[in-house]
Amino acid sequence: MRNIHQRYVREEYDGEGLLTGFSVECPPDFNFGYDVVDDIAENDPGRRAMVWCNPEGEEHVFTFADMKEWSDKAANFLASCGIGRGDFVLVVLRRHYQFWFAALALAKLGAVMVPATFMLKEHDLEYRLKGASIKAVVATSCGDIADVVDRVAGACPTVEAKILVNGAGGGLTPRDAEGNLVAGPAAGPVGPALSGPEGVCAAPGAREGWIDFNAGVRAASADFARRETAAAEPMLMYFSSGTSGNPKMVLHDSAYALAHVVTAKHWHNVRPDGIHFTIADTGWGKAVWGKFYGQWLMEACVFTYDFDRFHPAEILSLVGRYRITTLCCPPTMYRLMMQENVDAYDLSSLEYSTTAGEALNPDLFDFWKQHTGLVIYEGFGQTETPLTVANLVGSTPRPGSMGKPIPLYDVEIQRDDGTRCNTGETGEICIRMDPRPAGIMMEYYRNPERTAEAIHDGWYHTGDTAWCDEDGYFWYVGRNDDVIKSSGYRIGPFEIESVLLEHEAVRECAVTGVPDPLRGAAVKATVVLAPGFSGGEELTRELQTWVKRQTAPYKYPRIIDYVDELPKTVNGKIRRVAIRQADSQTPEGLV
């Protein structure tokens with residue numbers, strides 16, 4: 001390991017080795033593709049960058065030299081498609097290894113990568129293509145996203161190129177009764193036949209009106225000279241959905257990549273001879289948190305499993321098979337793994353566990369420690385930021401706490417008038433912007449009004465609420481829109497959910513507010529029951545009493561609705577907004 005990250009960051013530690021100071025120095029011409037990946041490729045070419053596999057049985061081990069070669073070929077290919085500096089390119093590639101080729105190639109060209117989920121429908125996609133003036137779409141052949149693109153691209157005049165990646169299955173290939181893959185001839189080769197160097201980008205992708213990414217990249221030259229780019233220019237953009245209105249376009253420059261050194265080194269605790277597994281689809285910001293920038297700045301190897309549906313037994317078996325050393329996934333996925341016989345799997349290689357995306361329930365924290373011996377270190381950040389609050393390496397987590405602000409940022413919990421909250425008082429998490437720190441978004445693209453709402457008076461207002469204890473630990477309450485204001489009280493959903501989840505009858509739950517003429521809002525719990533339990537008035541009274549006994553009585557759910565499943569995003573986060581929207585359309589179900 002050559003400690004490349006130390007060229008760009010300055011760190012300070014206390015006598016016990018805990019990070020106390022952190023700053024980022026981003027050179028004007030910094031480019032993650034050239035200055036990190038290519039540098040490692042030229043000086044340590046055999047170092048592993050990624051171990052990749054899919055349920056079909058295809059497997060690859062990519063070194064940094066491989067990543068340089070394939071990203072250079074991809075850059076030449078994308079340039080031949082008319083893509084260059086400043087162009088916005090929508091990338092919808094699930095967990096295909098081609099995502100990393102494209103991401104590096106676009107960075108080298110100075111283009112702006114716009115990752116997106118494969119779950120987009122026509123309205124969603126058209127808004128994105130028009131809103132960002134997308135010039136090209138790079139999309140997977142797996143699923144129906146290419147069909148969706150074809151249905152709307154004609155109405156989006158800026159789109160000049162549609163580029164198809166044959167994902168070679170992506171976990172979607174059907175199997176017969178004996179478990180053998182059943183792939184039609186149009187799908188091309190899938191499975192073990194594509195493993196190894198000769199199988200990289202070997203599956204063709206033919207579709208009318210589309211350019212074949214795999215064929216184009218394989219045919220392209222690997223000779224690519226460095227082009228002029230600027231670190232302060234846009235590099236990456238995500239669409240971030242809120243509870244109302246169209247998604248916001250979150251724009252980042254290259255300093256965002258460097259700020260993720262904290263994520264990988266001081267939170268994920270990656271090491272150069274280990275292998276890190278963050279379970280995230282590339283359409284979401286968590287993918288570059290855990291499978292790209294920080295890990296490769298630390299010269300570490302990442303693990304990617306190109307699956308379609310999350311099966312906890314499958315994920316647990318991969319840890320032992322590939323000797324995963326560090327793991328990060330949302331609490332929902334840990335909870336699903338809890339329902340398996342965790343002790344039956346070889347998790348001996350696992351050294352460190354982290355979580356983000358939603359608050360961690362104390363019972364899950366205790367279960368994981370009991371069965372693996374590992375503490376789960378929680379972290380917090382947004383699409384607009386890197387990691388901002390966390391239980392860092394060497395700290396002592398408190399179950400349920402998101403940790404303390406990382407040294408890169410000056411973070412306060414503030415009231416609506418901008419004054420600092422007292423200990424124990426709930427308020428909004430805000431980050432000082434004067435001087436402007438590395439990693440926070442440049443702006444909401446093409447939306448100065450929303451940018452001004454979020455960044456004003458010297459602070460970035462996250463829209464997330466929390467309270468701070470006497471020792472400086474932050475405790476998450478919820479999004480501003482998730483907080484329930486009932487009879488003058490501000491009630492965070494997470495605390496009630498944590499209490500309910502400790503009851504044996506509750507498998508999953510989401511707490512929301514529903515309109516109430518007397519209280520303003522009433523607390524409602526939407527519950528998925530554990531096997532062997534059935535909903536009814538008796539269980540409802542039992543659960544209500546359970547909550548009253550473990551937290552302030554005014555917080556108990558006056559309404560409990562039993563459902564088969566909760567609405568979630570593709571990466572497993574519960575969509576409380578969907579429950580609220582359904583309730584607003586069903587007035588007879590409210591009190």
* Kindly determine whether S348 and R323 satisfy side chain to side chain donor-acceptor pair (under 3.5 Å), including the steps that lead there. => CA-CA 8 Å; S348 61; R323 310 305 294 167; 3.1 Å; yes
* Stepwise side chain to side chain contact (heavy atoms under 4.5 Å, CB included) check, M50 with K291 -> CA-CA 9 Å; M50 181 165 65; K291 303 156 91 83; over 6 Å; no
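Taken to the nearest 0.5 Å, the CG atom of L327 stands 11.5 Å off from the CD1 atom of I275. Put simply, CD on E340 and CD on E314 are 11.0 Å apart, with the number rounded to the nearest 0.5 Å. Within the model, atoms CG of D308 and CG of L172 stand 4.0 Å from one another, a figure rounded to the nearest 0.5 Å. T355 contributes atom OG1, which lies 11.0 Å from atom CG of N391 (distance to the nearest 0.5 angstrom). Note that CG of L18 and CD of E12 are 12.5 Å apart. Values are rounded to the nearest 0.5 Å. Expressed to the nearest 0.5 Å, how far CD1 of I324 lies from CG of L350 amounts to 8.5 Å.
The cationic atom of R95 (NZ for Lys, CZ for Arg) lies less than 6.0 Å from the six-membered ring centre of F307 and within 45° of the ring axis.
A salt bridge does not link E25 with R7: none of the charged nitrogens is closer than 4.0 Å to a carboxylate oxygen. Taking a cutoff of 4.0 Å between a charged side-chain nitrogen and a carboxylate oxygen, D38 and R226 do not qualify as a salt bridge. We find that D72 and K108 are joined by a salt bridge, their nearest charged nitrogen and carboxylate oxygen being less than 4.0 Å apart.
The shortest non-hydrogen separation linking Y293 to A257 is CD2-CB, 3.4 Å. When all heavy atoms of L129 and T158 are compared, the closest pair comes out as O-OG1, 3.9 Å. Residues G274 and R48 come closest through the heavy atom pair O-NH2, 3.9 Å. The two residues P397 and F365 make their nearest non-hydrogen contact at CB-CE1, 4.2 Å. Shown here for A41 and K68, the closest heavy-atom pair between the two residues is CB-CB, 3.7 Å. When all heavy atoms of L194 and A168 are compared, the closest pair comes out as CD1-CB, 3.6 Å.
In this structure, F292 and F32 have perpendicular ring planes: the angle between them is above 60°, well past the 30° mark. The aromatic rings of Y334 and W368 sit perpendicular to each other, their planes meeting at more than 60°, with 30° as the lower class boundary. Between Y97 and H60, the angle of the ring planes goes over 60°, which puts this pair in the perpendicular group of the 30/60° scheme. A parallel orientation is assigned to the rings of Y352 and Y377, their planes being inclined by less than 30° (bins at 30° and 60°).
Between V342 and L347 there is a side-chain heavy-atom pair separated by less than 4.5 Å. Annotation: side chain of H276 is in contact with side chain of C328 (closest heavy-atom distance under 4.5 Å). At least one side-chain heavy atom of T332 sits less than 4.5 Å from a side-chain heavy atom of K568. Within the 4.5 Å cutoff, the side chain of C53 has heavy atoms near those of the Y305 side chain. When side chains are defined from C-beta on, F99 does not count as touching R94, because their heavy atoms never get closer than 4.5 Å. A heavy-atom distance below 4.5 Å is not found between the side chains of M235 and D253. With contacts defined as side-chain heavy-atom distances shorter than 4.5 Å, the pair F77/I211 qualifies. When side chains are defined from C-beta on, V159 does not count as touching K135, because their heavy atoms never get closer than 4.5 Å.
Looking at S401, its side chain never comes within 3.5 Å of a backbone N or O of R398 through a donor-acceptor pair. Of the possible donor and acceptor atoms, none in the side chain of D464 sits under 3.5 Å from a partner among the backbone N and O of I429. Between the side chain of N76 and the main chain of S221, a donor-acceptor pair closer than 3.5 Å is present. With K265 contributing its side chain and V393 its backbone, the two residues share no donor-acceptor pair below 3.5 Å. Side-chain atoms of R436 come within 3.5 Å of backbone atoms of M442 as a donor-acceptor pair (strictly under, hydrogens ignored). Formation of a donor-acceptor pair under 3.5 Å by the S141 side chain with backbone atoms of G167 is found in this model. In this structure, the side chain of N214 engages the main chain of A203 through a donor-acceptor pair within 3.5 Å. In this structure, the side chain of N3 does not engage the main chain of Q6 through any donor-acceptor pair within 3.5 Å. Between the side chain of E11 and the main chain of L19, no donor-acceptor pair closer than 3.5 Å is present. A donor-acceptor pair under 3.5 Å is formed between the side chain of T388 and the backbone N or O of F380.
With no hydrogens or angles considered, no side-chain donor-acceptor pair links T278 and W289 at under 3.5 Å. There is no side-chain donor-acceptor pair under 3.5 Å between T326 and N269. Side-chain contact, E378 with Y476: no donor N or O sits under 3.5 Å from an acceptor N or O. Judged purely by distance below 3.5 Å, without hydrogens or angles, the side chains of T263 and H268 never pair a donor atom with an acceptor atom. Between the side chains of T173 and E56, at least one donor N or O sits under 3.5 Å from an acceptor N or O. Between the side chains of Y444 and E384, at least one donor N or O sits under 3.5 Å from an acceptor N or O.
Screening V114, L120, I134 for a side chain to side chain contact (heavy atoms under 4.5 Å, CB included) with R128, the sole residue that qualifies is L120. F277 pairs in a side chain to side chain contact (heavy atoms under 4.5 Å, CB included) with only one of the listed residues (V51, T325, I315), which is I315. Screening D35, T63, I4, L297 for a side chain to side chain contact (heavy atoms under 4.5 Å, CB included) involving I40 leaves a single residue, I4.
In this structure, R446 has no salt bridge (charged side-chain N to carboxylate O under 4.0 Å, His left out) partners at least two apart in sequence or on a different chain. A search for salt bridge (charged side-chain N to carboxylate O under 4.0 Å, His left out) contacts involving R321 returns E59, not counting sequence neighbours. With sequence neighbours excluded, no residue satisfies side chain to side chain donor-acceptor pair (under 3.5 Å) with T282. Remark: K73 pairs with no residue by the side chain to side chain donor-acceptor pair (under 3.5 Å) rule, at least two apart or across chains. Judged as a side chain to side chain donor-acceptor pair (under 3.5 Å), and not counting sequence neighbours, the contacts of Y460 are Q382. By the side chain to side chain donor-acceptor pair (under 3.5 Å) test, H461 pairs with E428, H456, sequence neighbours left out.
Summarising the local packing, CZ of R10 is surrounded by more than 12 heavy atoms from other residues, nucleotides or ligands at distances under 6.0 Å. In D223, the CG atom is not crowded: 12 or fewer heavy atoms of neighbouring residues, nucleotides or ligands sit closer than 6.0 Å.
Checked against the 6.0 Å centroid threshold, W296 and F64 count as a close aromatic pair.
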